[in-house]
Amino acid sequence: MPLSKQQIRLTVAQAVVKYLSVQYSERDGVEHRLIPAMFGIFGHGNVAGLGQALFEYGVDLPYYQPCNEQSMVHTASGYAKACHRMSTIACTSSIGPGATNMVSGAATATINRLPVLLLPSDYYVTRYQGPVLQQLEHPISADVSVNDCFRPVSRFFDRISRPEQLLTALPEAMRVLTDPADTGAVTISLPQDLQAHAYDYPTSFFEKRVWRIERRPPTRQRIAEAVALLKSARRPVIIAGGGVHYSEAWAELKAFSERLGIPVAETFGGKGAIRSASEWALGGYGVTGAPVSVKIVANADLVIAVGTRLTDFSTGSQSAFQHPDVKFIGINVAGHDAYKQGALPITADAREALSALTEAVIEAGIRPDTSYAGEVREAKASWEKTLREEIYCDHPGEAMSQAQLLRTLNEEARDGDCVVAAAGSPPGDLLKLWDASRGAACHLEFGFSCMGWEIPAGLGMRMSDRHNEVYVYIGDGTYLMNPTELMTAAQEGLKITVVVSENHGYQCIRALQMARAGRSFGNEFRSRTAASNRLEGDYVKLDLAQNAKSLGARAWQVATPDELRQALQEAREETRPCVIVCETEKYRLLPPNGMWWDIASAEATHDPMTRKLREGYESERRALQRFHY
Ligand SMILES: Cc1ncc(C[n+]2csc(CCOP(=O)(O)OP(=O)(O)O)c2C)c(N)n1
Ligand SMILES: [Mg+2]
């Protein structure tokens with residue numbers, strides 16, 4: 001039965017390409033192409049399907065070539081993050097390992113609520129060929145494939161088994177990608193034979209379609225309830241998360257904070273939510289945040305969480321909120337997050353909720369408490385003193401510290417540039433030290449904290465902005481895990497500047513290990529010694545700069561802040577991808593801020609060191625942890 005009079009005969013893969021080429025997003029009257037490009041690595045699963053389709057129909061859906069399927073998903077989520085979720089990139093993989101390589105990318109995107117469209121290939125839908133190369137056969141479930149691994153890490157999953165299913169699957173995929181509460185990885189599994197099967201699709205399916213990214217308004221009743229809480233609060237604080245960026249609620253957040261005199265602490269996702277200098281900005285907050293924000297939050301009687309998931313890094317594993325009568329307001333597009341901590345939930349877009357709240361408090365005549373302003377000022381001044389005297393200073397006989405590295409990078413970054421980090425000590429260091437009020441944005445992926453996200457995500461950010469510098473700040477462990485997208489950056493002439501802190505190991509994990517187990521084990525890049533049969537020998541000599549050169553980058557090896565500054569200035573003029581390897585002091589990580597994190601020491605042990613640490617852990621847990629519901 002024809003579905004409409006006008007039809008066009010296309011393969012399933014050609015229909016996907018044609019459909020994606022005409023999808024748009026729109027918010028506040030501004031339209032963007034929802035999916036302007038597709039990344040992919042071809043194999044037998046997609047070369048004759050999507051590969052052929054991109055070649056014949058891909059004029060408006062340019063193809064990009066990554067080096068690794070996980071990386072291409074990271075590129076897509078980095079791109080989406082920089083576009084504040086208005087656009088993303090599609091990713092096609094072959095079946096089997098190509099598909100499963102995308103699973104970590106999918107989880108990273110979903111946890112960070114970043115839209116990505118994944119098109120893994122799948123086994124033969126027609127079955128008569130028997131198992132195809134790379135097919136996992138499930139003995140009692142013939143319709144299971146490795147692609148079922150995508151289900152828990154996707155916000156929408158469909159396996160297409162007939163060509164006409166695209167008519168419902170693709171619109172639903174677009175709806176989820178553009179829904180602020182539901183968005184994340186969307187996976188459409190495409191059997192390899194089906195990709196090449198033809199069907200007479202209605203031509204109207206390929207007409208331009210615009211998907212509005214809705215701003216959900218708050219209800220009047222919730223705003224009134226929030227005003228009542230604000231009226232009686234003496235020490236309110238705002239915890240700003242990634243939702244502030246995604247909603248582009250920067251001005252509304254600042255206005256609300258300044259009008260009411262409420263200090264703002266920023267989570268990893270929310271870093272830079274206060275974009276210009278403000279006496280109420282407390283900077284980065286959480287287990288690795290600045291001590292000033294930790295102190296103010298600990299004593300707050302009203303915590304207003306805006307667009308944050310409140311993970312353990314923000315709650316200090318439920319030790320952070322110490323005021324005996326602390327109350328919470330949760331502003332979030334997702335009900336799941338708005339209700340956390342037993343909060344008064346305002347299930348709404350951050351910008352809408354903050355402007356409604358500001359209007360309502362003005363009407364209610366609520367005035368800021370001036371003594372609170374003095375306290376905030378003092379706490380900030382004391383942190384600035386610590387920075388000057390203890391953190392940025394030289395330590396004789398030691399290599400450059402990561403704090404000195406970061407200060408140099410911060411000083412060299414200009415308005416419009418951005419810095420990217422996800423794992424190791426870099427995201428925590430940036431959260432604590434990066435001054436976003438200088439104009440350079442800070443994109444931290446700490447939802448999944450996926451080592452290897454940084455370089456590909458930086459590439460995605462570069463794709464969204466070809467003018468400003470994109471700095472990727474990573475550790476040596478992270479560089480070793482995934483440097484290969486430097487080749488894609490070179491291939492596309494997309495410059496990113498990667499700054500690597502070479503401290504010869506997974507030093508942030510070693511520091512945690514020393515605090516909780518008390519013994520260094522398995523976290524440094526050292527060779528095996530015969531005596532202990534452990535990795536306790538010499539540090540392995542690496543030449544990461546040489547490695548980066550081999551992948552098409554220009555590279556520098558530096559040892560001092562001045563050398564780093566010089567390299568950063570040269571990198572700014574460069575068109576190729578750049579990698580600056582900085583030797584840093586191994587154990588000179590940034591000092592902790594006093595916030596607790598529930599990482600348990602071993603409950604049973606013969607090691608006196610570990611036993612002592614366990615005792616400390618238990619007494620801290622008893623003293624600090626409390627629950628809010
Ligand atoms: C894919 C992945 N594997 C493991 C981890 C756990 N992990 C977190 S940080 C880290 C060490 C990172 O080392 P490096 O990049 O050198 O940074 P440093 O700790 O030295 O600052 C590890 C292994 C992770 N976050 N992601
Ligand atoms: Mg390291």
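Below, all heavy atoms of this structure are taken into account, side chains as well, without hydrogens, waters or symmetry copies. Positions are given from 1 along the sequence. Counting starts at 1 for both ligands and their atoms, in listed order.
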- Contact region, Asp476 to ligand 1, non-hydrogen atoms below 4.0 Å, reads both

For ligand 1, which atoms have a heavy atom of [X] less than 4.0 angstrom away?
| X | answer |
| --- | --- |
| Gly475 | 14 (P), 15 (O), 16 (O), 17 (O) |
| Pro426 | 21 (O) |
| Gly424 | 9 (S), 12 (C), 17 (O), 19 (O), 21 (O) |
| Cys508 | 9 (S), 18 (P), 19 (O) |
| Gly477 | 14 (P), 15 (O), 16 (O) |
| Met481 | 1 (C) |

- Message: Does Arg510 qualify as a cation-pi partner of Phe521, given the criterion of NZ or CZ under 6.0 Å from the six-membered ring centre and within 45 degrees of its axis?
- Response: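 Arg510 over Phe521 ring: no.
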
- For residues Tyr64 and Phe39, establish whether the separation of their ring centroids is below 6.0 Å. yes

- Measure from the ring center of Tyr539 to the ring center of Phe525 and say whether it is less than 6.0 Å. no

- Message: Is it the case that the side chains of Thr92 and Asn46 hold a donor-acceptor pair, with the cut-off being a distance below 3.5 Å and no angle test?
- Response: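 A donor-acceptor contact under 3.5 Å links the two side chains.
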
- Item | Ser501 to ligand 1, any heavy atom closer than 4.0 Å |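 No, Ser501 has no heavy atom closer than 4.0 Å to ligand 1.
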
- Close approach, Gly452 and ligand 1, non-hydrogen under 4.0 angstrom: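 It does not, in that no heavy atom of Gly452 comes within the 4.0 Å cut-off of ligand 1.
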
- Give the single entry among Gln402, Gln70, His504, Met451 that approaches atom 7 (N) of ligand 1 most closely by any heavy atom. Met451

- Under 3.5 Å: donor-acceptor pair, side chain of Ser293, backbone of Gly289: no

- Query: Phe313 vs Trp597 aromatic rings, parallel, tilted or perpendicular, using cut-offs 30° and 60°?
  - Reply: perpendicular

- Query: So Phe268 and Phe446, would you call those rings parallel, tilted or perpendicular, with 30° and 60° as cut-offs?
  - Reply: parallel

- Query: Among the protein atoms near the Mg ion (ligand 2), how many are N, O or S and lie under 2.8 Å away?
  - Reply: 3

- Protein residue, atom and distance nearest to atom 8 (C) of ligand 1, heavy-atom basis: Ile509 CD1, 3.7 Å

- Where do Glu384 and Arg388 land on the salt bridge (charged side-chain N to carboxylate O under 4.0 Å, His left out) test, with the steps shown first? CA-CA 6 Å; Glu384 272 152 29; Arg388 264 193 322 272; 5.4 Å; no

